[in-house]
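Residue numbering restarts at 1 for every chain, and letters A, B, ... go by the order of the sequence lines. The model shown is predicted, which means the values in this text are computed figures rather than measured ones.
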Amino acid sequence: MSTVPEKPTLDGIEARHSERWERERTYAWDRTAPRERTFAIDTPPPTVSGSLHMGHVFSYTHTDAVARYWRMRGKSVFYPMGWDDNGLPTERRVQNFYGVSCDPSLPYVPGFVPPFRGDPPKDHRAVPVSRPNFLELCDELTAEDEKAFEDLFRRLGLSVDWSLLYTTISPHARRTSQRAFLANLARGEAYSQEAPTLWDVDFGTAVAQAEIEDRERPGAYHSVAFHREGGGPDVVIETTRPELVPACVALVAHPDDERYRPLFGSRVRTPLFGVGVPVVAHPLAQPDKGSGIAMCCTFGDLTDVTWWRELRLELRAIVGRDGRIVADAPHGIEGAEPLARWARLAGLTVKRAQAEIVTMLRESGELLGEPRAITHPVKFYEKGDRPLEIVTSRQWYVRNGGRDRPLRDALVARGGEMAWHPEHMVHRYANWVEGLNGDWLISRQRYFGVPIPLWYRLDAQGRPDHDAPIVPDATALPIDPSTDVPPGFDAAQRGRPGGFAGDPDVMDTWATSSLTPQIAGRWVDDPDAFARIFPMDVRPQGHDIIRTWLFATMVRSHLEFDRAPWRHAALSGWILDPDRKKMSKSKGNVVTPVQLFDAYGSDAVRYWAASARPGVDTAFSEDQMKVGRKLATKLLNATKFVLGFGTAPGDDAVADPIDAGMLAGLAAVVDEATAAFADFDYARALERTEAWFWWFCDDYLELVKGRAYDDAHPGAPSARAALRRALGAVHRLLAPLLPFVTEEVWGWWREGSVHRAQWPARDELLAGVRADDDAVALLDATCAVLGAIRRTKTERKVSQRAEVARCEVHGPADRLALLAAHDGDLRNAGGVRELVYAGPDAAGDVALRATVTLA
RNA sequence: GGGCGCUUAGCUCAGCUGGUCAGAGCAUCUCCCUUACAAGGAGAGGGUCGGGGGUUCGACUCCCUCAGCGCCCACCA
């Protein structure tokens, strides 16, 4: 406990109290607490690929407020932090930062020094480095970023237990991730399959449905003529991707389409290449789209995949994994002229190939009319720059209900078992699960991730046997199959016929981050700890990743534990620019969190964040931070003032009805704030507490300060005691929201941290106090008359200090009687010489009214 | 095309289960250096609660419908 300073200030309180909290382990999770006394939070691990922004400050503040509330309610709060440092965003940042690229075929170079450390020149060509070297650089850069992240979160005042810190690339996370994957594999929930998948040609990896987004892109319809075998008029199709003509394997129309029904079963020849393809019927074909008959290529879009699969069409793949037309013409393209045309396409990017093929179609006369420009949605990897292609490759999948109705229904039902905040977010979840169109593709052809922990036997020809992977021993995890050797083999057999090969892929980052409860709770190596935190109380996160992180976590938990991983999901909103546009990082003028902490103080920034109701998109507002700073300053000053009255030891009786009325009002606020916090509504708790506190300062404090000052006044002890009770409650009510200033003022008169103090309660506030309706009515009436007096003084443009010669109060007799018996504070605060109670006025109006005559 | 949310003073928003609300903060204007705080205090002005219809004794609050804004999803050749 320190003493009340002469000149209270907010300066420096963040550093002082952060340091103290760390030293005293104020926020340590009590690992011995049973599950029912624990409040467990599945903190979102921010992606380590740059810097934290106001969106993080915003949402993490919300969670922290709730964490602090439950801690004060006596819960052992499990509040970990994690860094999501594995995955593509990190790789991309490492490439850009050091000017390197990963080439797994290169050997490790000990002591490798990257060409740059930040901002390579634009014309720099990435230096290829080995996979181990690349991973070292990833580790190095993420370590730096993570330090900055931690500093920022500490400055923000997050009450996380930093000893629980985890990273998603750590050995522990890799072990957990591989263990969970192997469990999925053992139960048949994970499987590999050679199939067409969406592919990002720049990143060179498959991507999952959840990571795809549509973008509006310019395109054009091209009318292209196909020639009927056996004569007859050409069949005209319209396509936005004429470059895929050589990949065409069929024309498809709707079974009921009279125009094309006669053609079903016949064959046509493709333009330019003269490849014979069938005309077939399928209900997915839309008669009103284009000419009503579509060219099915392998593969232009997901509909093509469906047609190809369901109609058992040929495979004629022409786009390579690099996004270029492959060198060798697909089967069916033969003869001098077609092959000459193919030669003009081979090696071109898809975009260039389109231009070339349009030229050729013009030359051959098979392009009818000119292309007609349109804008249409095109599928992109959400982090990618070029449209996705579809290529056939072997990938690993985890069942998620996308191909399995019962599982899908079960997962939807799981969502219904949880409480969602706000409630309507459950629709996003259900909507997504209902719309799944395939299992979860978890393998990625990347490097900085958790390896798929499998090897494959190679047959005499050196071909891998994918049907019976070699599984590592559980105790050996984590493993890297590209360097570790499977049991029963030796290193020399790697890649040799009769030997083995490691799975070359890593798991998607969501495949690991979907296990945050298991990672943070130490599922694999501390089952006792895990049992104390699982299922967790709340998953806080942004609503944009319901379909990814939330759903993926649900899938893993459902499959592994047959239950939802949390009881609540709390979805936070977005930060918008002051002009209500989604805040973009690309704008150069974005203010950094640290600048705002410096300018207004952490509590003030938190105040802004906590003012937004859960799940609501919110405008960035420095004005709101200024208001928060005012509140913090007010708390300093009011506390200093109240504590300055002093108190006699043991004299804590609240006897005066004015004081009792005040405490009754505060008790109601405590009830409201408590209910609000329990419902994750930190904003309502703040709003109610704040509004009451300003009333407390402006009305109650003004009303009783004269009495509290006056040692000779018999009501002084009651006022002082009530003021201190109220103050103690306000400090604690605001502690979850403004942790620094409340800790500061609490320290002036109480032992220990306010953040470990017990949450205020009605009974505690009103113990021994006669807080009946009369007390509340009296205080109410007193404030009403005081208000009338103030209004008069303001209207007359005199100081509030000016004396009132006479104040005549009209109103119901019972009210007046209450007032008459206890009007000392009113006389004092209003400067009233003569106070007259006149009963109801002439008109019989029962409303309380005061006629004020100034001196 | 499907789903969801929003539309209340100039601005940002509260108004939970229909009958003290038409409210708060910011901004604007006026006044007050009052013995915690001028990084303060006391007041004022300002809205037919998006439009229309309905249920009801009575709706910002319930139902229907229309419009605008925003978000999510979608197999869109």
_A77(B), OP1 or OP2 - any side-chain N/O from Lys289(A) closer than 4.0 Å?_
yes
*Under 3.5 Å, is there a donor-acceptor pair linking the side chains of His282(A) and Thr306(A)?*
no
*Are Arg629(A) and C26(B) close enough that a side-chain N or O sits under 4.0 Å from OP1 or OP2?*
no
*How would you label the contact of Lys793(A) with the nucleic acid (heavy atoms, under 4.0 Å): base, sugar-phosphate, or nothing?*
nothing
_Tyr600(A) and its side chain to side chain donor-acceptor pair (under 3.5 Å) partner, picked from Gln624(A), Glu622(A), Lys630(A)_ = Glu622(A)
*Counting just side-chain N and O atoms, does Arg428(A) come under 4.0 Å of either OP1 or OP2 of G5(B)?*
no
*Selected nucleotide, minimal atom distance to Tyr709(A) side chain, candidates C75(B), C71(B), U35(B)*: U35(B)
_For A74(B) and Gln209(A) - does any side-chain N or O of the residue sit under 4.0 Å from the phosphate oxygens OP1/OP2?_
yes
*Would you tell me whether Gln800(A) and Thr794(A) have side-chain atoms, one donor and one acceptor, within less than 3.5 Å of each other?*
yes
*Is a donor-acceptor pair below 3.5 Å formed from side chain Asp544(A) to base C72(B), judging by atom type as modelled?*
no
_Selection from G41(B), U30(B), A14(B) that lies nearest to any side-chain heavy atom of Trp694(A)_ = G41(B)
*Using a heavy-atom cut-off of under 4.0 Å over every strand shown, decide if Glu702(A) touches base, sugar-phosphate, or nothing.*
base
*Determine the interplanar angle of the His421(A) and Phe680(A) rings, folded into 0 to 90°, and report it as parallel if under 30°, tilted if 30 to 60°, perpendicular if over 60°.*
tilted
*asked:* Please classify the nucleic acid contact of Thr303(A) as base, sugar-phosphate, or nothing, using heavy-atom distances under 4.0 Å.
replied: sugar-phosphate
_Rounded to the nearest 0.5 Å, what separates atom CD in Gln354(A) from atom CG in Leu361(A)?_
10.5 Å
_Presence of Lys379(A) side-chain N/O under 4.0 Å of C75(B) phosphate oxygens OP1/OP2_ = yes
*So what does Ala285(A) touch, heavy atoms closer than 4.0 Å: a base, only the sugar-phosphate, or nothing?*
base
*Checking all strands, does Ile293(A) fall into the base, sugar-phosphate, or nothing category for heavy-atom contacts under 4.0 angstrom?*
base
*Can a side chain N or O of Asn437(A) be found less than 4.0 Å away from OP1 or OP2 on C75(B)?*
yes
*Between His222(A) and A77(B), is there a side-chain N or O to OP1/OP2 distance below 4.0 Å?*
no
*For Gly787(A), answer base if it contacts any base atom (sugar-phosphate contacts may also be present), sugar-phosphate if it contacts only those atoms, and nothing otherwise; contact means non-hydrogen atoms under 4.0 Å.*
sugar-phosphate
*NA contact type, Asp301(A), heavy-atom cut-off 4.0 Å: base, sugar-phosphate, or nothing?*
nothing
*Is the side chain of Lys379(A) donor-acceptor paired with the backbone N or O of Asp301(A) at a distance under 3.5 Å, no angle test?*
no
*Aromatic centroids of Trp608(A) and Phe620(A) separated by under 6.0 Å*: yes
_Per Tyr221(A) side chain, nearest of listed nucleotides A77(B), A14(B), C75(B)_ = A77(B)
*Sort out the partner of A42(B) for me: Watson-Crick or G-U wobble, both distances under 3.5 Å, none otherwise.*
U30(B)
*Complementary nucleotide for C6(B) - Watson-Crick or wobble, under 3.5 Å*: G68(B)
_Nearest to the Asn431(A) side chain among C26(B), G41(B), G2(B), which nucleotide is it?_
G2(B)
*Indicate, with a heavy-atom threshold strictly under 4.0 Å, whether Gly292(A) touches base, sugar-phosphate, or nothing.*
base
*Closer than 4.0 Å, any side-chain N/O of Lys705(A) to the OP1 or OP2 of A36(B)?*
yes
*Out of A36(B), A77(B), C26(B), which nucleotide sits closest to the side chain of Asp623(A)?*
C26(B)
*Which whole-number value in Å describes the distance from Asp617(A) CG to U7(B) P?*
13 Å
*C26(B) phosphate, OP1 or OP2: any side-chain N/O from Lys630(A) under 4.0 angstrom?*
yes
*How is Gln286(A) classified with respect to the nucleic acid when contacts are heavy atoms under 4.0 Å: base, sugar-phosphate, or nothing?*
base
*Want to settle it: does Phe641(A) or Val627(A) sit nearer the 5' end of RNA chain B, counting the closest nucleotide to each?*
Val627(A)
*Scan Cys297(A) against the nucleic acid and name what it touches under 4.0 Å (heavy atoms): base, sugar-phosphate only, or nothing.*
nothing
_Over all strands shown, is Arg547(A) touching base, sugar-phosphate only, or nothing at heavy-atom distances under 4.0 angstrom?_
sugar-phosphate
